[in-house]
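One structure below.
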Amino acid sequence: MDYRPLLLDALETLFQKEQAEKQRFKALAYQQVLRQLKQHPGPISTYEDVAHFKGMGPKIEQKIRELLATGSLAAAERAKAAYPIQALHELQRCYGIGPTKARELTEQGITTIDALRAAVEVTPRLLTDAQRVGLTHYEAFLERIPYSEMVEHEDILRHYLPLPCEIVGSYRRRAESSGDIDVLIRVPPSNTISLAQMVKTLQEAHYLTDVLALGAHKCMAACQRDESSTPRRLDLLMVPEEEYAYGMLYFTGSDRFNVAFRQYALERGYTLNEKTMKPLADQPAPPPMNEEADIFTFLGLTYVPPNERMDARQILPLPKDANKRIHKRPVLSAAFAKINRQGEE
DNA sequence: GACAGGCC
DNA sequence: CTAGGCCTGTCC
C-alpha cells in the first residue's frame, strides 16, 4: 500500500493550517518534510521509508505513524474542518497573495481564483496594483519557462539594456526550465543611468508589460517576447561592479549549494552574503573579487561550473597536487543531473 | 516614520 | 535558532 498521496495531502493541510495561524516555524517544518516527500520517487508504505528525512522530529513522526496505521490523520481532519484549506492554497498561488491576504479573502467568502476575479471586477481595491497583475497572469505565472525561451529573453535584454547583464538562477545552471527570469545588471562606478530609465526603455520596446515594484536597485515586473506569447515574471537587479561576483554566486544557487558554500566560508573564517565577504576575527580582508572564480580561489576551493552546483558534494578544497584532481573530482551522475534539471528558483 | 505583508 | 533586505501600502 502506497501512502504517499495521503501523506502529501495531510502534510500540505497542516502546512496551510500553521501558515494561517502564523506559526512560521511549524509551517517551515512541514514544508521541509513535504519538499523531501515530493522529491522521493517511490511509494511510502512504512515509516522507515521516510525516517531518514531531514527535520523529522517526534511530533511529525507520530503524525506519520498515525496516518500509516489508520489511513487518516486526526489533526489534519480537524484543520480541514476549521479552515478552508483548499481555498487558502489556491489563493496563495497568486503572485502577491500570502497567508494573511488569503485568509482575509476567505473570510469575505472569496474562496476561488474565479470568485476573486469576479469580486475584483466590482471592487478593484480589494487587491493592490501588484496583486491585480498577479491575478491577471495567474495561470501564466504558474507555467515554467523552457530553456529555449530563456535564451530569447537573454537576447532581448542584452539588446535593450545599456549595461552588461546576465540571466542567473536555474537558467545559468542550465536547467531545462525556469520559474522566472532573474537578471543581474553590472553597474560601473561611472554609471549615470537609473533603473527607472532602463525600465522605461524596456516598456517602450513593448517587452516589459507590467511593473510590480520598482526601486533604485530592484525591479519586479512582467515581460513578453511578443504580443501573443505567455507573460513571464522578470526581476532586474542593479549590482555595483565590486559586488557583482558575489551577486552572481548567490543568485545562481542552487539554494543547497549556497548554504554549503557559506558554511565552508565560515570554517575558513569569513562570512559571505550576496554583496560581500567579511573576515570574522583577525583574518585579512579579502581583495576585490572581479569574477566568481576569484571567490572560489580565495577560499581554497575547486571552481564548480554553474550546471554542477547542486549541494555540499561540490564543495571541494583545491588539491595540493594538480595531478590528483582527476581522481578526486566526482563524475556527475545521471541522477545528479536529474536533480539539477528540476530547476528550483 | 513605523510597521506589516509579500517576495526573492 | 531556523536570513536579511528590498519594495509597497497603510496608519498615525
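To find a chain, count down the sequence lines: A is the first, B the second, and so on, and within it residues start at 1.
Heavy atoms of A:R262 sit nowhere under 4.0 angstrom from any nucleic acid atom. A:Y95 comes within 4.0 angstrom of the backbone, heavy atoms only, and of no base. Nucleic acid contact for A:D235: sugar-phosphate only, since backbone atoms but no base atoms lie under 4.0 Å from a heavy atom of the residue.
Between the P atom of B:dC8 and the OH atom of A:Y171 lies a distance of 20 Å, rounded to the nearest Å. Per the geometry, CD1 belonging to A:I97 stands 15 Å off P belonging to C:dG9, to the nearest Å. Rounded to whole angstrom, the span from the CG atom of A:L184 across to the P atom of B:dC8 amounts to 15 Å. Remark: P of C:dG9 and CE of A:M220 are 11 Å apart, rounded to the nearest angstrom. Atom C1' of nucleotide B:dG6 and atom CG of A:L127 are separated by 13 Å, given to the nearest angstrom. Rounded to a whole Å, the CG atom of A:L214 is 16 Å from the C1' atom of C:dG9. When rounded to the nearest whole Å, the span between CG of A:L249 and P of B:dC8 equals 20 Å. Rounding to whole angstrom units, CD of residue A:Q31 and C1' of B:dC7 are separated by 14 Å.
In this structure, A:E227 places its CD atom where only 12 or fewer heavy-atom neighbours from other residues, nucleotides or ligands lie under 6.0 Å away. Within a 6.0 Å sphere centred on CZ of A:R65, other residues, nucleotides and ligands contribute more than 12 heavy atoms. Around NE2 of A:H52, the count of heavy atoms belonging to other residues, nucleotides or ligands within 6.0 Å exceeds 12.
Using a 3.5 Å distance cut-off with no hydrogens or angles, the side chains of A:T128 and A:Q131 do pair a donor with an acceptor. No hydrogens or angles considered: a donor-acceptor pair under 3.5 Å links the side chains of A:S170 and A:S178.
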Please report, to 0.1 Å, the donor-acceptor pairs under 3.5 Å made by any side chain of residues 96-103 of chain A, with sequence neighbours excluded.
{"residue": "A:T100", "atom": "OG1", "partner": "A:K22", "partner atom": "NZ", "Å": "3.1"}
{"residue": "A:K101", "atom": "NZ", "partner": "A:E104", "partner atom": "OE2", "Å": "3.0"}
{"residue": "A:K101", "atom": "NZ", "partner": "A:L126", "partner atom": "O", "Å": "2.8"}
{"residue": "A:R103", "atom": "NE", "partner": "A:E107", "partner atom": "OE2", "Å": "3.3"}
{"residue": "A:R103", "atom": "NH1", "partner": "A:A20", "partner atom": "O", "Å": "2.8"}

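Aromatic rings of A:F296 and A:F261 (six-membered ring for Trp) have centroids within the 6.0 Å cut-off, being under it. Aromatic pair A:Y207/A:Y160: centroids not less than 6.0 angstrom apart.
Pairs passing the salt bridge (Lys or Arg N to Asp or Glu O under 4.0 Å) check and including a residue from residues 115-132 of chain A, sequence neighbours excluded, read A:R117-A:E139, A:D129-A:R132.
Between C:dC7, C:dG9, B:dC8, one nucleotide has an atom nearer to the side chain of A:D129 than all others, and that is C:dG9.
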Contact list (N/O, under 3.5 angstrom) for nucleotides 3-6 of chain C vs protein:
{"residue": "C:dA3", "atom": "N1", "partner": "A:Y250", "partner atom": "OH", "Å": "3.3"}
{"residue": "C:dC6", "atom": "OP1", "partner": "A:K275", "partner atom": "NZ", "Å": "3.4"}

Would you tabulate the nitrogen or oxygen pairs shorter than 3.5 Å linking the protein to nucleotides 10-12 of chain C?
none

Can you tabulate the close N/O pairs, meaning under 3.5 Å, that link protein atoms to atoms of nucleotides 3-5 of chain B?
none

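Going from atom NE2 of A:H153 over to atom CD of A:Q224 covers 9.5 Å, rounded to the nearest 0.5 Å.
Annotation: side-chain contact (heavy atoms from CB on, under 4.5 Å) contacts of A:S72 (sequence neighbours excluded): A:T70.
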Where do A:E292 and A:R172 land on the salt bridge (Lys or Arg N to Asp or Glu O under 4.0 Å) test, with the steps shown first?
CA-CA 13 Å; A:E292 265 183 334; A:R172 186 159 176 259; 2.6 Å; yes

